[in-house]
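The analysis underlying the following values was restricted to heavy atoms, covering all of them including side chains, and did not include hydrogens, waters or symmetry mates. Residue numbers count from 1 along this sequence.
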Amino acid sequence: RPALHPSTLVPEPAAGREPGENLADRGSDLVEKAREPLMEAAQQVKQDFKDIQVLRNNIARHLKAGGRLDYEFIAAEAREVNKRAARLKAHLMPPAPEAASAERPKSPPEYDGEQLRDVLAILCRRIDSFTESPMFKVLGVVDVGQSTKAGGDLQTIIQLSDRIKEGAERLNKAPRK
């Protein structure tokens, strides 16, 4: 058996680390690295929250203008609402248990132009309800009821925007009367 020398018992510093670097320094580096994705997620939530309101306003202006609906515009806006709402849900709402998760109907309703107009108005109201939730007004206080309502609004926004997108795409391909 070879003899152990005291110099072999002192671990060599890891690659990229100075011999004098202590555990506290490494810990603060780890905390900083863990904080970066959280800060990026917080920025994404903030941007999506703002964008979903801008998209809502675009849809409301289009509805208020009257006249024919621009199905291509509506499909694009609904797609963007859906994308942002899904990201907000992923960041803000805990995942629903498998049994309780709402399944999408097998065949969504097909909207004609006037029905689509009504569903767009409902979507705008749901976006208003979500963005005006007291959950976002009083930071640091979690109200389970308000959180549940906001989560339900967000789920409805996701489902409606997806159906609106599909309906508008279908209507855009159909010949105009």
Side-chain angles (χ1 to χ4, degrees), residues 37-139 141-177:
L38 292 175
M39 296 303 288
E40 289 172 10
Q43 274 305 114
Q44 185 68 62
V45 165
K46 190 176 181 181
Q47 188 63 48
D48 286 339
F49 192 81
K50 177 183 171 194
D51 288 348
I52 205 167
Q53 293 174 79
V54 169
L55 291 162
R56 177 252 179 244
N57 291 342
N58 293 345
I59 292 168
R61 274 193 294 278
H62 187 68
L63 288 173
K64 193 172 182 178
R68 286 190 158 190
L69 293 176
D70 179 346
Y71 299 129
E72 190 174 342
F73 169 81
I74 289 169
E77 296 297 282
R79 183 179 307 109
E80 292 302 313
V81 165
N82 188 275
K83 181 169 73 173
R84 281 152 180 79
R87 270 198 310 243
L88 285 167
K89 181 181 178 204
H91 287 296
L92 297 175
M93 305 299 161
E98 289 300 317
S101 65
E103 283 190 34
R104 190 170 171 204
K106 300 292 184 244
S107 58
E110 292 191 9
Y111 305 120
D112 65 22
E114 282 310 305
Q115 290 169 328
L116 188 59
R117 198 177 286 278
D118 294 341
V119 176
L120 283 164
I122 293 168
L123 176 66
C124 288
R125 286 194 297 273
R126 282 302 180 118
I127 292 172
D128 288 343
S129 177
F130 172 73
T131 59
E132 294 170 5
S133 171
M135 177 179 141
F136 301 114
K137 306 291 188 231
V138 183
L139 300 178
V141 177
V142 177
D143 180 327
V144 176
Q146 291 298 331
S147 180
T148 301
K149 182 177 181 326
D153 284 342
L154 205 46
Q155 186 61 40
T156 301
I157 291 166
I158 291 167
Q159 290 171 346
L160 280 177
S161 61
D162 192 43
R163 290 180 187 144
I164 288 167
K165 177 190 71 74
E166 290 174 1
E169 287 172 346
R170 182 184 51 75
L171 288 168
N172 192 43
K173 292 176 186 173
R176 293 266 179 157
K177 295 177 182 175

(request) State, yes or no, whether a side-chain contact exists between Leu160 and Leu120 at a heavy-atom distance under 4.5 Å. (result)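 They are not in contact (no side-chain heavy atoms under 4.5 Å apart), so the answer is no.
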* Asked: Can you tell if the side chain of Val81 reaches within under 4.5 Å of the side chain of Ile52, non-hydrogen atoms only?
  ->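 Yes, at least one pair of side-chain atoms sits under 4.5 Å.
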If you round to the nearest 0.5 Å, how far is [atom2] of [Y] from [atom1] of [X]?
| X | Y | atom1 | atom2 | answer |
| --- | --- | --- | --- | --- |
| Leu171 | Leu116 | CG | CG | 6.0 Å |
| Asp153 | Phe130 | CG | CZ | 8.0 Å |
| Thr148 | Met135 | OG1 | CE | 9.5 Å |
| Phe136 | Gln146 | CZ | CD | 10.5 Å |
| Lys173 | Tyr71 | NZ | OH | 14.5 Å |

query = Distance only, no hydrogens: is a donor on one side chain within 3.5 Å (strictly under) of an acceptor on the other, for Gln44 and Asp48?
reply =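 Indeed, the side chains of Gln44 and Asp48 share at least one donor-acceptor pair under 3.5 Å.
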In terms of side-chain heavy atoms, does Arg79 have a donor or acceptor partner in Asn82 at a distance below 3.5 Å?
->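 Arg79 vs Asn82: no donor-acceptor pair found between side chains.
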Q: Could you tell me how the ring of Phe73 sits relative to the ring of His62: parallel (under 30°), tilted (30 to 60°) or perpendicular (over 60°)?
A: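 Tilted: the ring planes of Phe73 and His62 meet at 30° to 60°.
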**Salt bridge present between Glu169 and Lys165 (N-O < 4.0 angstrom)** =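 Result for this pair is yes, salt bridge flagged.
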**Glu80/Lys83 salt bridge by N-O under 4.0 Å criterion** =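 Yes.
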| Flag if over 12 foreign heavy atoms under 6.0 Å of CD, Glu72 |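 Open: at most 12 neighbouring heavy atoms sit under 6.0 Å from CD of Glu72.
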### Identified side chain to side chain contact (heavy atoms under 4.5 Å, CB included) counterpart of Arg84 within the set Val45, Val54, Asp51, Ile127
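Single pass found, and it is Asp51.
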Notebook entry, point to check: Counting N and O atoms only, with roles assigned by atom type, does the side chain of Ser161 sit under 3.5 Å from a partner on the main chain of Ile158, one being a donor and the other an acceptor?
Noted result: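 Flag set: sc Ser161 to bb Ile158 pair under 3.5 Å.
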### Intermediate values then yes/no, side-chain hydrogen bond (donor to acceptor under 3.5 Å, both in side chains), Lys149 and Ser129
CA-CA 9 Å; Lys149 182 177 181 326; Ser129 177; 2.7 Å; yes
